[in-house]
S.K.: 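Before we start, here is the structure in question, set down as structure tokens.
Per chain, numbering begins at 1; letters A, B, ... match sequence-line order. Note that the coordinates shown come from a computational prediction; the quantities given were computed from them, not determined experimentally.
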Amino acid sequence: MPELPEVEVTRRAIEPRAVGRRIVALRSRDPERYPHLERAQDRWILELLRRGKFLLFRLSGGLWLVVHLGMSGGFRLQQTPHTRVVFELDDGALYFHDPRRFGRIWLVADPAEVPLLARLGPEPTDAAFDAEYLYQRLRASRRPVKALLMDQEVVAGLGNIYADEALFRAGVRPTRRGHRVTRKEAERVVEAVRQVLAEALKAGGSTLKDGSYRRPDEKIGYFQLAHAVYGRQGEPCPVCGTPVRRTRIQGRSAHYCPRCQR
DNA sequence: ACGAGTACCTGGCAGC
DNA sequence: TGCTGCCAGGTACTCG
């Protein structure tokens with residue numbers, strides 16, 4: 001559930017509590033799902049990075065602890081009913097909380113061993129994610145443009161919320177096939193993706209009605225208040241007043257304004 | 001090769 | 001109140 005802004009908010013929140021600390025133990029009651037955690041024991045956390053929706057802890061001794069939060073995962077400063085892994089540090093603890101258990105943890109010598117991580121497309125803020133790049137990727141596909149934006153191999157970090165919001169800002173209907181998107185529109189999409197992610201990060205991410213995403217200190221994000229279309233089917237488009245529509249793309253809900261987005 | 005559908009999990013909520 | 005069905009921020013797999 002967490003998309004790039006939520007993962008980055010999480011990274012920033014736990015970085016000061018994690019980096020420079022020694023891992024005393026990683027404890028889980030589900031070793032099938034979270035294997036080999038003992039390998040992290042007694043290592044120092046040297047750095048905490050984010051790539052797309054992955055968090056990467058660089059540990060001493062050439063080991064990486066890679067975490068994907070899945071749909072409902074997050075780090076907490078306190079134990080919760082859905083704590084799955086306790087990060088016991090020399091100076092406190094962090095709790096990996098994940099009600100739906102879609103989150104994953106890997107301990108690897110090289111982050112490239114994590115399958116999807118190795119194939120990720122550019123970060124949205126990277127210069128490599130430009131209009132020419134996106135135009136070429138879209139042009140080569142008949143998939144709906146929204147499916148392409150959510151494809152982590154095209155660009156890393158966008159999920160259902162921010163793909164809808166970016167396409168709204170760019171004025172491109174999510175159902176439009178990639179090869180039908182013009183160069184000019186690709187330019188607008190790149191700009192819209194960058195803007196929407198930057199604003200969401202500034203707002204602390206999006207906390208939906210179910211409240212599943214929260215910062216480690218349990219505080220909520222506020223970007224949901226700025227959503228123009230996501231979750232607003234039937235409500236007036238903030239630009240033209242036409243009711244927002246919901247449809248389905250790749251089995252996921254997609255929201256758009258039928259007037260502003262063609 | 002691509003794309004649609006389904007599986008993995010649990011919880012919240014609307015509707016009856 | 002209690003039950004049922006539906007929906008959910010993601011990714012991987014299978015099948016046509």
S.K.: Rounded to whole angstrom, note down the P distance from C:dT4 over to B:dC9.
M.R.: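 One P to the other, the span is 22 Å.
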
S.K.: Assess whether atom CZ of A:Arg194 is packed by more than 12 heavy atoms of other residues, nucleotides or ligands within 6.0 Å.
M.R.: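 Above 12, so yes.
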
S.K.: Does C:dG9 have a Watson-Crick or wobble partner in any strand here, with both distances under 3.5 angstrom, and which is it?
M.R.: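 Paired with no nucleotide.
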
S.K.: B:dG3 phosphate, OP1 or OP2: any side-chain N/O from A:Ser141 under 4.0 angstrom?
M.R.: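 Indeed, a polar side-chain atom of A:Ser141 lies that close.
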
S.K.: Tell me the interatomic distance from A:Arg33, atom CZ, to B:dA7, atom P, rounded to whole angstroms.
M.R.: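 Those two atoms, CZ and P, are 17 Å apart.
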
S.K.: Figure out the CG/P separation between A:Leu120 and C:dA12, and round it to whole Å.
M.R.: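 Atom-to-atom, A:Leu120 to C:dA12, this comes out as 10 Å.
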
S.K.: Taking A:Lys184 first and then A:Glu187, would you say they form a salt bridge - that is, a charged N and a carboxylate O separated by under 4.0 Å?
M.R.: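 Yes.
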
S.K.: What is the distance, rounded to the nearest whole Å, between atom CZ of A:Arg119 and atom C1' of C:dC13?
M.R.: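 Value for this atom pair: 12 Å.
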
S.K.: Taking CD from A:Glu32 and P from B:dC8, how many angstroms apart are they, rounded to a whole number?
M.R.: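 Result: 15 Å.
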
S.K.: Within this structure, what is the CD1-to-P distance between A:Ile249 and B:dG5, rounded to whole angstrom?
M.R.: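 It is 13 Å, rounded to the nearest whole Å.
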
S.K.: If you count heavy atoms of other groups shown closer than 6.0 angstrom to CZ of A:Arg215, is the number above 12?
M.R.: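 Check passes, neighbour count above 12.
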
S.K.: So if I take every side-chain heavy atom of A:Gln152 and compare against C:dT11, B:dG3, C:dG9, which nucleotide ends up nearest?
M.R.: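 Ranking C:dT11, B:dG3, C:dG9 by closest atom to the A:Gln152 side chain puts C:dT11 first.
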
S.K.: Across the strands shown, which category fits A:Ser253 at heavy-atom distances under 4.0 angstrom: base, sugar-phosphate, nothing?
M.R.: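 The residue A:Ser253 makes sugar-phosphate contact but no base contact.
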
S.K.: Taking the basic N atoms (NZ, or NE/NH1/NH2) and the acidic carboxylate oxygens, is any pair closer than 4.0 Å for A:Glu185 and A:Arg176?
M.R.: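 Answer for the salt bridge query: yes.
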
S.K.: Considering only the P atoms, how many Å lie between C:dT11 and B:dA1, rounded to the nearest integer?
M.R.: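 About 22 Å, rounded to a whole number of Å.
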
S.K.: Just so I know, are the side chains of A:Gln152 and A:Leu116 near enough to count as touching, which here means a heavy-atom distance under 4.5 Å?
M.R.: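 SC-SC contact between A:Gln152 and A:Leu116 confirmed.
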
S.K.: Please determine, for B:dC9, whether a Watson-Crick or G-U wobble partner exists with both distances under 3.5 Å, and give it or none.
M.R.: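 Across all strands, not a single nucleotide pairs with B:dC9.
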
S.K.: Between C:dG10, C:dG9, B:dG3, which nucleotide has the shortest distance from any of its atoms to the side chain of A:Arg143?
M.R.: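 In terms of side-chain proximity for A:Arg143, the closest of C:dG10, C:dG9, B:dG3 is B:dG3.
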
S.K.: Looking only at side-chain atoms of A:Arg177, point me to the closest of C:dG9, B:dG3, B:dA4.
M.R.: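 Comparing C:dG9, B:dG3, B:dA4 against the side chain of A:Arg177, the answer is B:dA4.
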
S.K.: Looking at C:dG10, C:dA8, B:dC9, which one has an atom nearest to any side-chain atom of A:Glu3?
M.R.: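 In terms of side-chain proximity for A:Glu3, the closest of C:dG10, C:dA8, B:dC9 is C:dG10.
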
S.K.: Assess whether atom CD of A:Gln78 is packed by more than 12 heavy atoms of other residues, nucleotides or ligands within 6.0 Å.
M.R.: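 Counting neighbours around CD of A:Gln78, 12 or fewer heavy atoms of other residues, nucleotides or ligands fall under 6.0 Å, so no.
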
S.K.: Counting N and O atoms only, with roles assigned by atom type, does the side chain of A:Gln136 sit under 3.5 Å from a partner on the main chain of A:Tyr133, one being a donor and the other an acceptor?
M.R.: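 Side chain of A:Gln136 to backbone of A:Tyr133: no pair is present.
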
S.K.: Nearest whole Å is fine: how far is C:dG9 P from A:Arg214 CZ?
M.R.: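 Going from A:Arg214 (CZ) to C:dG9 (P), I get 18 Å.
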
S.K.: For the CZ atom on A:Arg183, are there more than 12 heavy atoms of other groups (residues, nucleotides or ligands in this structure) within a distance under 6.0 Å?
M.R.: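 For A:Arg183, atom CZ is crowded (more than 12 foreign heavy atoms under 6.0 Å).
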
S.K.: Stacking check: are the rings of A:Phe102 and B:dC8 less than 5.5 Å apart at their centres and under 30 degrees in tilt?
M.R.: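 So A:Phe102 counts as stacking on the base.
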
S.K.: Please classify the nucleic acid contact of A:Gly159 as base, sugar-phosphate, or nothing, using heavy-atom distances under 4.0 Å.
M.R.: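 Sugar-phosphate: the residue A:Gly159, judged by heavy atoms under 4.0 Å, touches backbone atoms but no base.
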
S.K.: What does A:Tyr230 touch in the nucleic acid at a heavy-atom separation under 4.0 angstrom: a base, only the sugar-phosphate, or nothing?
M.R.: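 Counting heavy atoms under 4.0 Å across all strands, the contact made by A:Tyr230 is with sugar-phosphate only.
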
S.K.: Look at all strands and tell whether A:Arg142 reaches a base, only sugar-phosphate, or nothing, counting heavy atoms closer than 4.0 Å.
M.R.: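 Sugar-phosphate: the residue A:Arg142, judged by heavy atoms under 4.0 Å, touches backbone atoms but no base.
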
S.K.: Rounded to whole Å, please give me the gap between CZ in A:Phe54 and C1' in C:dA12.
M.R.: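 Those two atoms, CZ and C1', are 12 Å apart.
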
S.K.: Under 4.0 Å from OP1 or OP2 of C:dG10: is there any side-chain N or O of A:Lys53 that close?
M.R.: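 True: A:Lys53 side-chain N/O within range (under 4.0 Å) of C:dG10 OP1/OP2.
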
S.K.: Tell me the interatomic distance from A:Tyr34, atom OH, to B:dC9, atom P, rounded to whole angstroms.
M.R.: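 Atom OH in A:Tyr34 sits about 10 Å away from atom P in B:dC9.
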
S.K.: Answer yes or no: is there a donor N or O on one side and an acceptor on the other, between the side chain of A:Asp98 and the main chain of A:Gly103, under 3.5 Å?
M.R.: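 Yes.
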
S.K.: When the P atoms of C:dC7 and B:dG5 are considered, how many whole Å apart are they?
M.R.: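 Between the two P atoms, the distance is 14 Å.
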
S.K.: So which protein N/O to nucleotides 10-12 of chain B N/O distances come out below 3.5 Å?
M.R.:
residue	atom	partner	partner atom	Å
B:dT10	OP1	A:Arg101	NE	3.1
B:dT10	OP1	A:Arg101	NH2	3.2
B:dG11	OP1	A:His82	NE2	2.8

